[in-house]
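Below is one structure; the comments refer to it alone.
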There are 2 protein chains.
Amino acid sequence: MDATDRRIIEALQQNSRMTMKELGELVHLTGQATATRVKKLEDLGIIEGYTIRINEERIGLPIHAMITIYTTSTFHDPYLLFLKEHRQYVRHNYKVSGDGCYLLECRFPTNQELNAFLDGLSKYVNYKLSLVIDQNTQ
Amino acid sequence: MDATDRRIIEALQQNSRMTMKELGELVHLTGQATATRVKKLEDLGIIEGYTIRINEERIGLPIHAMITIYTTSTFHDPYLLFLKEHRQYVRHNYKVSGDGCYLLECRFPTNQELNAFLDGLSKYVNYKLSLVIDQNTQ
DNA sequence: GTTCACTCCTTTCATCATTCAAGTAAATCG
DNA sequence: CGATTTACTTGAATGATGAAAGGAGTGAAC
């Protein structure tokens with residue numbers, strides 16, 4: 001991991017579909033040398049994969065919820081199974097120290113579906129709901 | 001947005017560097033027809049960009065913090081300016097309803113840097129810190 | 001029923017990127 | 001000093017892309 005690798009990662013974060021030749025021009029290497037470095041970053045597990053940024057509002061998922069989960073029981077499996085069954089809504093489930101046991105990030109198409117999800121959720125855990133009003137990603 | 005577009009989006013979420021020809025085989029179209037559809041999804045703003053999934057632990061950012069921000073003042077600009085000055089740590093700054101005004105997601109290399117960040121932060125807002133212990137992304 | 005316009009797709013071909021093998025140069029190590 | 005490793009370049013073959021031309025299906029107007 002040198003300065004060139006860091007520039008490669010930065011460039012791929014901006015646009016992961018750029019050709020190895022273009023990327024090579026940015027870091028002053030040939031396309032082949034660049035491809036070898038990228039392959040190494042993949043093998044080291046630094047680059048975990050290639051994906052797209054999606055506008056979830058535009059595909060009908062306008063509701064963005066952050067749910068702090070409080071479990072009274074020490075047995076979390078029913079909650080985790082519930083998440084698996086509703087994985088279509090779940091973006092992240094962070095196990096956290098501090099306030100609550102988990103911080104659950106979800107997306108919903110409607111308030112009705114959010115409501116139904118929360119009804120199901122309340123069978124397993126207590127929760128506190130926050131709705132995202134505006135998103136400022138770096 | 002039909003079923004084919006949804007399959008294209010799913011496939012690109014898994015691997016955004018796949019060729020249009022490969023993607024076309026998945027959705028039973030030629031590479032050219034697939035490329036046209038992808039271009040349309042970009043123009044509609046549904047696909048916002050192409051990026052990489054990074055293992056931040058492996059690039060020296062093991063500390064993952066979720067910070068709930070409480071502002072007493074109605075004037076948020078000093079806080080937002082502080083974030084801009086420390087944007088290297090900031091991943092997301094969600095404006096939320098519910099508990100707090102913002103939910104701030106950050107990454108730090110060391111507890112020392114987290115501590116310095118929190119010292120700076122406390123000049124502008126009150127906060128509650130949660131540290132991510134484990135991450136379960138869908 | 002016919003025509004026109006439109007959308008969505010395929011085929012073909014020229015251009016460009018990628019990949020493999022071979023070779024060079026510098027650094028490391030016994 | 002010679003052998004090995006690492007990181008890179010070059011050149012040729014393969015494969016992907018993008019532009020142009022054309023075909024098939026749909027719906028509207030007459």
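Every chain is numbered from 1 and lettered A, B, ... according to where its sequence line falls, protein lines coming before strand lines.
Checking side-chain atoms of B:Arg17 against main-chain N and O of A:Met18 turns up a donor-acceptor pair under 3.5 Å.
In terms of position along DNA chain C, the nucleotide closest to B:Leu29 lies nearer the 5' end than the nucleotide closest to the other residue of the pair B:Gln32 and B:Leu29.
Remark: P of D:dA7 and CD1 of A:Ile8 are 12 Å apart, rounded to the nearest angstrom. Atom NZ in B:Lys21 sits roughly 15 Å away from atom C1' in D:dG18 (whole-Å rounding). Nucleotide C:dT18 holds its P atom 11 Å from the CD atom of A:Glu25, rounded to whole Å. With rounding to whole Å, B:Met18 atom CE is found 18 Å from C:dA17 atom C1'. Here the P atom of nucleotide C:dT7 and the CE atom of B:Met1 are 19 Å apart, to the nearest Å. For the pair B:Leu23 CG and D:dG18 P, the computed distance is 13 Å after rounding to whole Å. Here the P atom of nucleotide C:dT18 and the CD atom of B:Glu22 are 13 Å apart, to the nearest Å. Put simply, CG on A:Asp2 is 11 Å from C1' on D:dA7, counting in whole angstrom units.
Side-chain nitrogen and oxygen atoms of A:Lys40 include at least one within less than 4.0 Å of the OP1 or OP2 phosphate oxygen of D:dA7. In this model, the phosphate group of D:dT9 is approached by a side-chain N or O of A:Thr30 to a distance below 4.0 Å at OP1 or OP2. Between A:Arg17 and D:dT17 there is a side-chain polar atom (N or O) within less than 4.0 angstrom of OP1 or OP2.
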Ring pair (Phe, Tyr, Trp, His ring centres under 6.0 Å) evaluation trace for A:His64 with B:Tyr94: CA-CA 10 Å; A:His64 190 179; B:Tyr94 300 112; 5.3 Å; yes
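Between A:Tyr70 and A:Tyr127, the distance from one ring center to the other does not fall under 6.0 angstrom.
The side chain of A:Met20 lies closest to C:dT18, out of D:dA7, C:dT18, D:dT9. Distances from the side chain of B:Ala33 to the nucleotides C:dT10, C:dT18, D:dG11 place C:dT10 closest. Nearest nucleotide to the side chain of B:Thr19, out of C:dC8, D:dT9, D:dA16: D:dA16.
With a 6.0 Å radius and a threshold of 12 heavy atoms from other residues, nucleotides or ligands, B:Lys128 has its NZ atom above the threshold.
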